[in-house]
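Below, chains carry the letters A, B, ... as their sequence lines are ordered, and counting in each starts from 1.
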Number of protein chains: 2
Amino acid sequence: MPRVKQRTEALRERALTGALAILATEGAAGLTTRAVAGRAGASVPAVYEVFGDKAGIVREIFFAGFRQLEDELTALPAADDALAGLRGLAEGFRQFVLRNPMLAEVMFARPFADFDPMPDEAGAKVRTIFTQHVRDAVDARRLRGDPADIALVFRTLVEGLAMAEATQRLGGSRQSVDRRFRLGVNTLLKGFARA
Amino acid sequence: MPRVKQRTEALRERALTGALAILATEGAAGLTTRAVAGRAGASVPAVYEVFGDKAGIVREIFFAGFRQLEDELTALPAADDALAGLRGLAEGFRQFVLRNPMLAEVMFARPFADFDPMPDEAGAKVRTIFTQHVRDAVDARRLRGDPADIALVFRTLVEGLAMAEATQRLGGSRQSVDRRFRLGVNTLLKGFARA
DNA sequence: AGTTTTACCGTAACCTCGTTACGTAACCTA
DNA sequence: TAGGTTACGTAACGAGGTTACGGTAAAACT
């Protein structure tokens, strides 16, 4: 048998960690295959063997981002009120985007021309979390309508507002941004509220 | 005096038209400086002289897109009811995105790592259109609140829903997509409605 | 008309990055 | 210790953004 393999799952994980660090510090433009390889102490072909191609790296970043988001949203303190729970969900989503702007850009904008996550498998669990919270609110008779529809609209608004805030498009002062974010969330929930 | 200039404003316009065509047919990946030059019957340095760099091309596409969107939203038939006007605005925005998916991607996602339109000058007029419609609704006592805030939230939701629809993330059947889009718009307006 | 000047133009190159062919070397076995 | 098998990294290729540079057309002057 030949020499021992170095292009293993361990390298894959190390390279992914490095790729996330590069993305956070250098931005999408700095995320090159050579940079990922160098940071992982590996050769470029090694990175290609573990990830397939560059889109594979982006895909893993994408999945890692949704796993982290899912963890953070799951770890949110439970609210006694279903509507408060939805507001907390929105705020948790917002904080994730603000703390990980580059990662959020990869997840919710598409800075890389290749790689569309058509079968939106990555975000499925996050979507489930939103739907479950909405379902709770519907069951508690605080909201009215189809939970899947409501959750989709709610998540779309929250994502849009959070991304707008992260890219400085939501206003100037901290207070006006806060106000607008909460206004959007509260108003939509009010519209969905049971008469 | 030397020979007559060819790298003029006329070339700039011709190249921009070609760039928009390339974007619409080949997508963001096909939009290379060489392709733009070739389509305009010009050399690559000629394109650089008129646009500065590739970000300059993207920037012009960006502006052209917002001009077109502005024109379409301005040309929308006037509604007798202020709320119907806002619904029509949302539908007009939606149709623009559906008819120009690649252009919308450049305008509202960020497929190009360089070039952030930080001073969102391009979208200023579109934003004004939204704000004016909201102001009309507030003046007509159909909505309550600060028009700028309402318009920002409203546009964020409409943009998010339209982009989600364009990227097949809003559902499967035409009917469910239609239903969700209208649900989102109507519910938010309901939330903003005067008691 | 011929020459000179001027500045405009496109060819061809440079650099980075995604991607991969290929020669080299490590490890096991006999 | 020789051979075979296979993993590894160097170095190259092609595409795309960007630009140096020399050729050349047109005006101006004699």
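- Looking at residues two or more places apart in sequence or on another chain, you find no ring pair (Phe, Tyr, Trp, His ring centres under 6.0 Å) involving B:Phe112.
- As rounded to whole Å, 8 Å separates atom C1' of C:dG18 from atom NZ of A:Lys54.
- Distance from the side chain of A:Pro45 is smallest to D:dT10 among C:dC9, D:dT19, D:dT10.
- A salt bridge is defined here as a Lys NZ or Arg NE, NH1 or NH2 lying under 4.0 Å from an Asp or Glu carboxylate O, and B:Glu91 with B:Arg94 meets this definition.
- Classified by interplanar angle (parallel below 30°, tilted 30° to 60°, perpendicular above 60°), the ring pair B:Phe130/B:Phe93 is perpendicular.
- With sequence neighbours excluded, no residue forms a side chain to side chain contact (heavy atoms under 4.5 Å, CB included) with B:Thr128.
- Atom pair B:Glu49:CD and C:dA7:P shows a separation of 14 Å (rounding to whole Å applied).
- Rounded to a whole Å, the CD1 atom of A:Ile22 is 14 Å from the C1' atom of C:dC17.
- When the side-chain nitrogen and oxygen atoms of A:Gln6 are compared with OP1 and OP2 of D:dG9, one or more of them lie within a distance under 4.0 Å.
- Side-chain proximity of B:Tyr48 to the nucleotides C:dC17, D:dG17, C:dT19 is greatest for D:dG17.
- Note: CG (A:Asp53) to C1' (C:dC17) measures 14 Å, nearest angstrom.
- Residue B:Thr33 is in base contact, counting any heavy-atom pair closer than 4.0 Å across all strands shown.
- Direction change of the helix axis from one end of the helix from C:dA1-D:dT30 to C:dA30-D:dT1 to the other is 40°, with five pairs defining each end axis (rounded to 10°).
- Taking the charged nitrogens against the carboxylate oxygens, B:Arg99 and B:Glu72 do have a contact shorter than 4.0 Å, which makes a salt bridge.
- Whole-Å rounding puts the B:Ile57 CD1 to D:dG16 P distance at 13 Å.
- Residue B:Arg34 places none of its side-chain N or O atoms closer than 4.0 Å to OP1 or OP2 of D:dT18.
- In this structure, B:Phe51 atom CZ and D:dG17 atom P are separated by 14 Å, rounded to whole Å.
- Side-chain N/O atoms of B:Arg7 include none lying less than 4.0 angstrom from OP1 or OP2 on C:dC8.
- The side chain of A:Ser43 lies closest to D:dG9 when the candidates are C:dT19, D:dT18, D:dG9.
- Pairing each heavy atom of A:Leu20 with each of A:Ala64, the nearest pair is CD1-CB, 4.2 Å.
- Closest heavy-atom contact between A:Thr187 and A:Leu183: OG1-O, 2.5 Å.
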